Amino acid sequence: MSRGPLFQESYKPQFAGHETFPLRHGWLKKAFDAVVEAADAGETKSVFARDDAIARFGVGKNMVASMRHWAIAAGIIEEDRGSGTLRATDFGRKLFGDAGLDPYMEHPATSWLIHWRLSAYPDKTTWFWAFNHFSKPLFDREALVRGLADLASSRGWARVAHTTIKRDVECFVRTYVARPVAMAAGHEEALESPLSELGLIKAVGRRDGFRFVRGAKPTLGNGIFTYALIDFWRAFTTARTLSFEAITYEPGSPGRVFLLDESEVMERLMDLEEVTKGRLRWSETAGLKQVIRDAEPSRDEVLGYIDLDFEADGRREAA
């Protein structure tokens, strides 16, 4: 039986909002700064709709809307549904604030975090479904379109046009696979998505062939993995234990979203006690493989695990 957020009766699919533009380098920082500055002036409702927005952001009108979309989807800013007010999130400040860890997305840890926010959360239907439900390692765009169209039909999602799904799939692929420079229409088109550097999807053979790259992820640190694990745990269950199978295979889990195999997940879970200073620990007792928590980490502690990967990189550079 299919399970996960996409199969809940209350779920509302999203196949648009990006205006067909994948996330670009620099967009999240620009969006974050604009919202913070507008908040100081009390004008956060109109920051992306003002007459001078095109000049401010240095992109076309549709790209301004796309920039707003990606900043919200990545959890960098959030919108109050009642008032429409935009504000920076704690997560956004952690990365892009004045003392942020990586304002210009120069560290792979930041790209892993943004990938997690886009693909572990069900808000972006194509992203969540592709990493958490699509089971074929080799695929082309049409295979994704057919799969999503079948899902929309089986779930009875109204007003989901085939062309809309097709555009969303194209944007999804371009988020993770860089376009050849020869195919780009200009400077903006030549800019790659920062997530293409993660190597999660590779082009193979003919132009429309791709594969998901499952296995070890050397640039994914244990700090980001631990942050993702706790984030998934909170959404999945309130129990004080979490099984190895859930961590590896459940929709929205680190194993699924980061395309990790069993041995890679196991290796990282065995390091949890050291990473969390005993907050979480790996256990193999009576045939049960699971992670145990005695107390749930606070919000600040969870965000603090992100620091570990940046600190580790700093220590390597200093050495």
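It should be emphasised that the depicted structure is a prediction, and the values quoted were computed from it without experimental measurement.
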Salt bridge flag under 4.0 Å for residues Arg3 and Glu250: yes
Any side-chain donor near an acceptor of the partner, His25 and Glu106, under 3.5 Å: no
Val302 to Pro297 - nearest heavy-atom pair and separation: CG2-CB, 3.9 Å
Exam field: side chain Ser66 to backbone Asn62, donor-acceptor pair closer than 3.5 Å: no
Residues forming a side-chain hydrogen bond (donor to acceptor under 3.5 Å, both in side chains) with Arg146, sequence neighbours excluded: none
Short side-chain to backbone donor-acceptor contact, Thr89 and Ile76, under 3.5 Å: yes
Contacts of type ring pair (Phe, Tyr, Trp, His ring centres under 6.0 Å), residue Phe172, not counting sequence neighbours: Trp127, Phe131, Tyr176
Approximate separation, where rounding is to 0.5 Å, of Thr241 OG1 and Leu288 CG: 8.5 Å
Verdict with supporting geometry, Glu37 and Arg56, side chain to side chain contact (heavy atoms under 4.5 Å, CB included): CA-CA 12 Å; Glu37 291 173 16; Arg56 178 194 175 97; 2.8 Å; yes
From Ser283 atom OG to Glu273 atom CD, the distance as rounded to the nearest 0.5 Å: 10.0 Å
Qualifying side chain to side chain donor-acceptor pair (under 3.5 Å) pairs, either residue in residues 154-164, two or more places apart: none
Ring pair (Phe, Tyr, Trp, His ring centres under 6.0 Å) involving Phe236 - partner list, sequence neighbours excluded: Phe232
Heavy-atom side-chain contact between Ser111 and Met105 under 4.5 Å: yes
Non-hydrogen atoms of Glu19 and Ala65 that approach each other most closely: CG-CB, 4.0 Å
Value rounded to 0.5 Å, distance of CD in Glu262 from CD in Glu264: 12.5 Å
Side chain to side chain, Val291 and Arg281, heavy atoms closer than 4.5 Å: no
Linked, directly or transitively: Ile292 and Val275 (ILVMFWY side chains, under 4.5 Å): no
Leu195 side, atom CG; Arg24 side, atom CZ - distance, nearest 0.5 Å: 13.0 Å
Atom pair CD1/NZ of Ile247 and Lys289 - distance to nearest 0.5 Å: 12.0 Å
Expected output: side-chain Asp309 to main-chain Gly223 donor-acceptor under 3.5 Å: yes
Side chain proximity check, Leu259 to Lys217, heavy atoms < 4.5 angstrom: yes
Ring geometry between Trp70 and His18 (parallel below 30°, tilted from 30 to 60°, perpendicular above 60°): parallel
With Phe258 via ring pair (Phe, Tyr, Trp, His ring centres under 6.0 Å) - residues at least two apart: Trp112, Trp116
Heavy atoms of other groups near Asp51 CG, more than 12 under 6.0 Å: no
Path from Leu200 to Tyr249 over hydrophobic side-chain contacts below 4.5 Å: no
Minimal non-hydrogen separation, Leu23 against Pro194, with atom names: O-CD, 3.8 Å
Common cluster, Ile72/Phe96, ILVMFWY with side-chain heavy-atom separation under 4.5 Å: yes
Sidechain-backbone polar pair: Ser46 side chain, Ala49 backbone, donor-acceptor under 3.5 Å: no
Pair Arg240-Glu296, side chain to side chain contact (heavy atoms under 4.5 Å, CB included): steps then yes or no: CA-CA 8 Å; Arg240 60 182 293 269; Glu296 184 173 349; over 6 Å; no
Minimal non-hydrogen separation, Ala246 against Ser253, with atom names: O-CB, 3.2 Å
Min side-chain heavy-atom separation Asn132-Val257 under 4.5 Å: yes
Test item: Glu311 and Leu308 side chains (from C-beta on) under 4.5 Å apart, heavy atoms: yes
From Arg256 atom CZ to Phe128 atom CZ, the distance as rounded to the nearest 0.5 Å: 9.5 Å
Shared hydrophobic cluster, Phe212 / Leu220 (ILVMFWY, side-chain heavy atoms < 4.5 Å): yes
Closest approach of Phe91 to Ala74 (non-hydrogen atoms, all atoms of both residues): CE2-O, 3.4 Å
Contacts of Phe32 that satisfy ring pair (Phe, Tyr, Trp, His ring centres under 6.0 Å) - sequence neighbours left out: none
Side-chain touch Arg293/Arg279, heavy atoms, less than 4.5 angstrom: no
Side-chain donor-acceptor contact under 3.5 Å, Ser263 with Asp261: yes
Between Thr110 and Asp102, a side-chain donor and acceptor under 3.5 Å: yes
Residue from Met67, His69, Arg68 passing side-chain contact (heavy atoms from CB on, under 4.5 Å) with Trp27: Met67
Tyr104 reachable from Leu95 in the ILVMFWY side-chain graph, under 4.5 Å edges: no
Any side-chain donor near an acceptor of the partner, Ser153 and Asp150, under 3.5 Å: no
Step-by-step side chain to side chain contact (heavy atoms under 4.5 Å, CB included) determination, Leu260 to Thr248: CA-CA 8 Å; Leu260 302 174; Thr248 308; over 6 Å; no
Donor-acceptor under 3.5 Å (Ser196 side chain, Ala178 main chain): no
Under-4.0 Å salt bridge between Lys94 and Asp307: yes
Phe210 ring center within less than 6.0 Å of Phe139 ring center: yes
Geometric class of the Trp282/Phe244 ring pair [parallel <30°, tilted 30-60°, perpendicular >60°]: perpendicular
Side chain to side chain contact (heavy atoms under 4.5 Å, CB included) between Ile201 and Val213, worked out: CA-CA 6 Å; Ile201 301 176; Val213 182; over 6 Å; no
Where Lys136 and Phe134 come nearest, the two heavy atoms and their spacing: O-CE2, 3.4 Å
Heavy-atom side-chain proximity of Thr20 to Asp168 below 4.5 angstrom: no
Under-4.0 Å salt bridge between Glu170 and Lys166: no
Pair Tyr305, Asn222: side-chain N/O donor-acceptor within cut-off below 3.5 Å: no
Any Val36 side-chain heavy atom under 4.5 Å of Ile77 side chain: no
